[in-house]
Amino acid sequence: DITDTRHYDNQPAIAGWDIEVNLYSTDPELIDNMPAMISAALLGAGFTRSGKGRDGGMDKRTGHYAWYMDFYYTERI
């Protein structure tokens, strides 16, 4: 999602990007460790993390675990 967050002279000046990262795996260890690596990469690229993330549970049919994280990025246009 992108939202124009600031306007000057009727023109957008700053845009905000909302990004949700969804991680799925049948390996619970990967679900435990990968969020920290994803966060480090996105924070290093200038994103801000919105919250700690949330557990998506396990799909009993497929055996996949899920973890969701939200990030925000501000860009000058």
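Excluded from the calculations below are hydrogen atoms, water molecules and symmetry mates; all remaining heavy atoms, backbone and side chain alike, are included.
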(message) Between Thr48 and Thr74, is the side-chain contact (heavy atoms from CB on, under 4.5 Å) condition met? List the steps.
(response) CA-CA 9 Å; Thr48 302; Thr74 302; over 6 Å; no
(request) Could you tell me whether the side chain of Ser39 reaches within less than 4.5 Å of the side chain of Phe71, counting heavy atoms only? (result) yes
(request) Fit a plane to each ring of Tyr73 and Phe47, take the angle between them on a 0 to 90° scale, and name the class: parallel (under 30°), tilted (30 to 60°) or perpendicular (over 60°). (result) tilted
(request) Could you grab the distance from atom OG1 of Thr26 to atom NE2 of His64, nearest 0.5 Å is fine? (result) 5.5 Å
(request) Say whether Trp17 and Ile38 are linked into one hydrophobic cluster, either directly or through other cluster members, by side-chain heavy-atom distances under 4.5 angstrom. (result) yes
(message) Rounded to the nearest 0.5 Å, what separates atom OH in Tyr65 from atom CG in Asp27?
(response) 9.0 Å
(request) For residues Asp55 and Ile31, determine if any side-chain heavy atom of one lies less than 4.5 Å from a side-chain heavy atom of the other. (result) no
(request) State, to 0.1 Å, how close Tyr68 and Gly56 come at their nearest heavy-atom pair, and which atoms those are. (result) CE1-CA, 3.4 Å
(message) In this structure, would Leu23 and Ile19 fall into the same cluster of hydrophobic residues linked by side-chain contacts under 4.5 Å?
(response) yes
(message) Minimum heavy-atom separation for Gly16 and Tyr72, please, with both atom names.
(response) CA-OH, 3.2 Å
(message) Show, in sequence, the C-alpha distance, side-chain angles and deciding distance for Leu43 and Arg49, and conclude whether the side-chain contact (heavy atoms from CB on, under 4.5 Å) test is met.
(response) CA-CA 7 Å; Leu43 292 172; Arg49 191 165 176 178; 4.3 Å; yes
(message) Can you tell me if Glu29 has over 12 outside heavy atoms packed within less than 6.0 Å of its CD?
(response) no
(message) If I take atom CE from residue Met69 and atom NZ from residue Lys52, how far apart are they, to the nearest 0.5 angstrom?
(response) 14.5 Å
(message) Quick check: closest heavy atoms across Trp67 and Pro35, and the distance to 0.1 Å?
(response) CD1-CG, 3.5 Å
(request) Verify side-chain contact (heavy atoms from CB on, under 4.5 Å) between Leu42 and Val21, making sure each step is shown before the conclusion. (result) CA-CA 10 Å; Leu42 288 173; Val21 176; 3.9 Å; yes
